[in-house]
Asks: 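I have a structure here, written as structure tokens, and I will follow up with some questions on it.
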Amino acid sequence: MLSNTIYEILYKYWGFKKFRSLQEEIILSVLNQNDTLALLPTGGGKSICFQVPAIASEGVCIVVSPLIALMKDQVENLKKKGIKAVAAYSGMNRTEIEIAYDNCIFGNYKFLYLSPERLETEYFKQRLPLMRVSMIAVDEAHCISQWGYDFRPSYLKIAQLRNILPHTPILALTATATPKVVEDIQEKLLFKKKNVLQKSFSRPNIAYIVLKEENKLARLLKICTNVQGSGIVYMRSRKRTQEIAEYLNKNNLSSDFYHAGLDHPTRNAKQENWINNKTRIIVATNAFGMGIDKPDVRFVVHLELPDSLEAYFQEAGRAGRDENKSYAILLYEKADQLDLIEKVKNAFPPIDEIKTIYQALGNFFQIALHNGKEQSFFFDHIEFIKRYKIKPFSLKYALRFLEKETYLSISDAVYHPSRIYLCIGKEELYKFQVAHIKYEPILKLLLRTYGGLFSGFVPINEYDLAKRLKIQLSELKTYFQFLQNQNVLKYEEQSNLPVITYLQDRIDAKNIVIKKENYHFLKQTVEDRMYSVINYAESSTLCRSLLLLEYFGETQEKRCKICDVCIEKNKLELSEFEFEKYRNDILSLLCINPLSLQELSIKITDYKETKVSKVIQWMLDSNEIKYNDSMKLCLTKES
């Protein structure tokens, strides 16, 4: 019966007649009240795994997510399907958050999306016991682990929900987790018993390719010309995304750029043009891709080394979701390795510098000592850098340390449209209009144009309103300010900035504690991930797909046969067994001492000259072995 219900929900709201691989098992596990960790690769349909069981259950599902943009998208998508959903995150004012919580208590809402720092606020703790919670979904669950590539201390507070909701099942979801992180997630979320449902990380239709290339732009042009279909090119720098897109356009390749610094309407337009194939190639920072399920992406190119294999796997995995052959290509040169090492080195500013930045933040936001807890501020980091003469890198990583020590949290930069909420009843509003005839046209226009103004904040278009009222935008804002001072409405102006939330009252900077063990642990884990990326780029002997699978704790015997390493092996015309046998024999013999070709041929059992010489040449080309000064074969240092 339960199975029929979830199929009915799937068809009614999503139009699908069957679930993707593992989705049904995950859904039934949660509906049977089991704590569950779901590992589904990018594009595996994680959101359906908590949305379907939440709709099938009584009460509201709390969804914890660190990505405000993704929260907003999911809430909007659910609303379009007629499903009641709301979000509460940094950047919303107290009234907006109060309305969101009240809707979940009294309004029969099915989803409450929360940023993790909301869990610690007193107001949420007071309202939670009044909600009927069906389940807790923890998106991007790797954020709870110090071993994860995006650890967020605020995620550790999720377990405290157990005290109030001891019998409510938790569904943790992530696309990327090493075996150590898988264990850590279950431990930190206090799973009653271990329960991991994991889809293989293997993507047999993706050819993972590393090309050592000095002239990356020429190679990129060749890739975009020779591989048909949609593509994504990832860059670190916002400025470079625009430059690369312009370069591709000049070479008659339909391209556009995308980064978090663009306003929301612009980003939406660029994204939609690409999804609908009006733009063929999008050149973007890692801000692009979350929540986008475009099945026919034929290639993803990285022009620079990513920070981690987790990030790379997730971004590369946006190719080929329709299961047709696609390419994940990393263009790499030796200088990239030095750049990444330098970047990681810069990621760890001295502790005194972190304290200086904390002090400057308090001054910037004009927060008095022993004040500020739970207050949020839009953060104009460009103005901050200019005013206090701080290096951008130092600021970025100092904020990460302050976040890890739970002094504050910082959200991603998200477009917040201007919004209005009428905070008096209809009768009071009528009386106000009679008494203040000057403001009647604007209030009437608001009521005619937007619905729901009495029940919550509603996004508005100030430019459109000013045009229709035949007044200047500045004059309209003055009217809104007056109406707000008269307690007729609440007005929030648009912003496209990240938000900093103080998790503790501001303290004297000299009392800031950055634990040395945390500092060094974090540094070591970041360096380990960096060297995993370098090893992946430098490797020329192991199948790329097997290398990635091994990193995520998955063993698979057969190589992919379509990555750059496998293609070179395929040219040898040897079976996998023959190749590995001769290669292992050669490595074992050269481990003892260098040998000439003739000496090797004598010592290798079942010697077949043509085949062995092919393997030797391949090992020389791959820098596994080399000739020494005596012209004998020996192992390279890397081997």
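Residue indices begin at 1 and follow the sequence shown.
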Asks: State whether the side chain of Lys199 and the backbone N or O of Ser21 hold a donor-acceptor pair below 3.5 Å, judged by distance alone.
Replies: no
Asks: So, does Ser65 use its side chain to make a donor-acceptor pair with the main chain of Leu67 at under 3.5 Å?
Replies: yes
Asks: Has Arg298 got its NZ or CZ under 6.0 Å from the middle of the six-membered ring of Tyr327, at an angle within 45 degrees of the ring axis?
Replies: no
Asks: Verify whether one side chain among His142 and Glu310 offers a donor that lies under 3.5 Å from an acceptor in the other.
Replies: no
Asks: Pro53 and Ile48: which non-hydrogen atoms are nearest, and at how many Å?
Replies: CD-O, 3.8 Å
Asks: Here's a test for you: under side chain to side chain donor-acceptor pair (under 3.5 Å), which of Asp307, Thr241, Thr285 qualifies with Arg236?
Replies: Asp307
Asks: Salt bridge check, Glu24 against Lys18: does any charged N sit closer than 4.0 Å to a carboxylate O?
Replies: no
Asks: Is it the case that the side chain of Asn32 and the backbone of Leu28 share a donor-acceptor pair, with hydrogens and angles ignored and the cut-off at 3.5 Å?
Replies: yes
Asks: Does the side chain of Ser154 pick up a donor-acceptor pair with the side chain of Ser409 at under 3.5 Å?
Replies: no
Asks: Please check this pair: side chain of Asn34 against backbone of Asn195, looking for a donor-acceptor N/O pair closer than 3.5 Å.
Replies: no
Asks: Can you see which heavy atom on Cys560 is nearest to which on Cys543, and at what distance?
Replies: N-SG, 3.3 Å
Asks: Do Glu538 and Lys334 meet the salt-bridge criterion of a basic N to acidic O distance under 4.0 Å?
Replies: yes
Asks: Return yes if some donor-acceptor pair links the side-chain N/O of Tyr397 with the main-chain N/O of Ile354 below 3.5 Å, else return no.
Replies: no
Asks: Does the pair Arg400 and Glu403 meet the rule for a salt bridge (charged side-chain N to carboxylate O under 4.0 Å, His left out), with working shown?
Replies: CA-CA 5 Å; Arg400 283 193 183 180; Glu403 188 171 35; over 6 Å; no
Asks: What pair of heavy atoms forms the shortest contact from Cys563 to Arg544, and how long is it?
Replies: SG-N, 3.4 Å
Asks: Taking C-beta and beyond as the side chain, do Phe151 and Leu156 meet within less than 4.5 Å on heavy atoms?
Replies: yes
Asks: Does a donor on one side chain sit under 3.5 Å from an acceptor on the other, for Gln146 and Thr525?
Replies: no
Asks: Return the orientation label for the Phe348 and Tyr519 ring planes: parallel under 30°, perpendicular over 60°, tilted otherwise.
Replies: perpendicular
Asks: Report yes if some heavy atom in the side chain of Ile136 is under 4.5 Å from a heavy atom in the side chain of Leu189; otherwise report no.
Replies: no
Asks: Do Lys294 side-chain atoms and Ile275 backbone N/O form a donor-acceptor pair below 3.5 Å?
Replies: yes
Asks: Would you name the heavy atoms of Lys194 and Glu183 that are closest together and state the gap between them?
Replies: NZ-OE1, 2.5 Å
Asks: For a quick test of your reading: what N or O donor-acceptor pairs under 3.5 Å do the side chains of residues 588-599 make, sequence neighbours left out?
Replies:
{"unit_1": "Ser588", "atom_1": "OG", "unit_2": "Asn584", "atom_2": "O", "d": "2.8"}
{"unit_1": "Ser596", "atom_1": "OG", "unit_2": "Glu599", "atom_2": "N", "d": "3.1"}
{"unit_1": "Ser596", "atom_1": "OG", "unit_2": "Glu599", "atom_2": "OE1", "d": "3.3"}
{"unit_1": "Glu599", "atom_1": "OE1", "unit_2": "Ser596", "atom_2": "N", "d": "2.7"}

Asks: Between Leu173 and Leu40, does a side chain to side chain contact (heavy atoms under 4.5 Å, CB included) hold up when you go through it step by step?
Replies: CA-CA 8 Å; Leu173 306 112; Leu40 292 173; 5.5 Å; no
Asks: What is the ring orientation for Phe313 with Phe201, classed by angle as parallel under 30°, tilted 30 to 60°, or perpendicular over 60°?
Replies: perpendicular
Asks: Ignoring hydrogens and geometry, is there a side-chain-to-backbone donor-acceptor pair from Arg203 to Ala316 under 3.5 Å?
Replies: no
Asks: Taking the six-membered ring for Trp, is the centroid-to-centroid distance between Tyr312 and Tyr536 below 6.0 Å?
Replies: yes
Asks: Does any donor atom in the side chain of Thr176 or Gln314 lie under 3.5 Å from an acceptor atom in the other side chain?
Replies: no
Asks: Does the side chain to side chain contact (heavy atoms under 4.5 Å, CB included) test come out yes or no for Arg162 and Asp35, once each step is laid out?
Replies: CA-CA 12 Å; Arg162 292 288 201 190; Asp35 294 331; 2.6 Å; yes
Asks: Taking the six-membered ring for Trp and the single ring otherwise, decide whether the centroids of Tyr258 and Trp274 are under 6.0 Å apart.
Replies: no
Asks: Kindly determine whether Arg583 and Glu624 satisfy salt bridge (charged side-chain N to carboxylate O under 4.0 Å, His left out), including the steps that lead there.
Replies: CA-CA 10 Å; Arg583 178 174 170 269; Glu624 275 199 291; 2.7 Å; yes
Asks: What are the two closest non-hydrogen atoms of Cys224 and Leu248, and how far apart are they?
Replies: SG-CD2, 4.3 Å
Asks: Using 4.0 Å as the upper bound for N to carboxylate O, is an ion pair formed by Lys581 and Asp585?
Replies: yes
Asks: Keeping the roles fixed (side chain from Ser29, backbone from Glu25), state whether a donor-acceptor pair exists under 3.5 Å.
Replies: no
Asks: Under 4.0 Å between a Lys/Arg side-chain N and an Asp/Glu carboxylate O for Asp139 and Lys46?
Replies: no
Asks: Do side-chain atoms of Asn205 reach the backbone of Asn324 as a donor and acceptor pair under 3.5 angstrom?
Replies: yes
Asks: Mind listing the closest non-hydrogen atom pair of Pro66 and Pro116 along with its distance?
Replies: CA-CD, 4.1 Å
Asks: Quick check against the 3.5 Å criterion: does Gln242 have a side-chain atom that pairs as donor or acceptor with the backbone of Arg238?
Replies: no
Asks: Show your reasoning for whether side chain to side chain contact (heavy atoms under 4.5 Å, CB included) applies to Leu309 and Leu547.
Replies: CA-CA 10 Å; Leu309 284 182; Leu547 242 177; over 6 Å; no
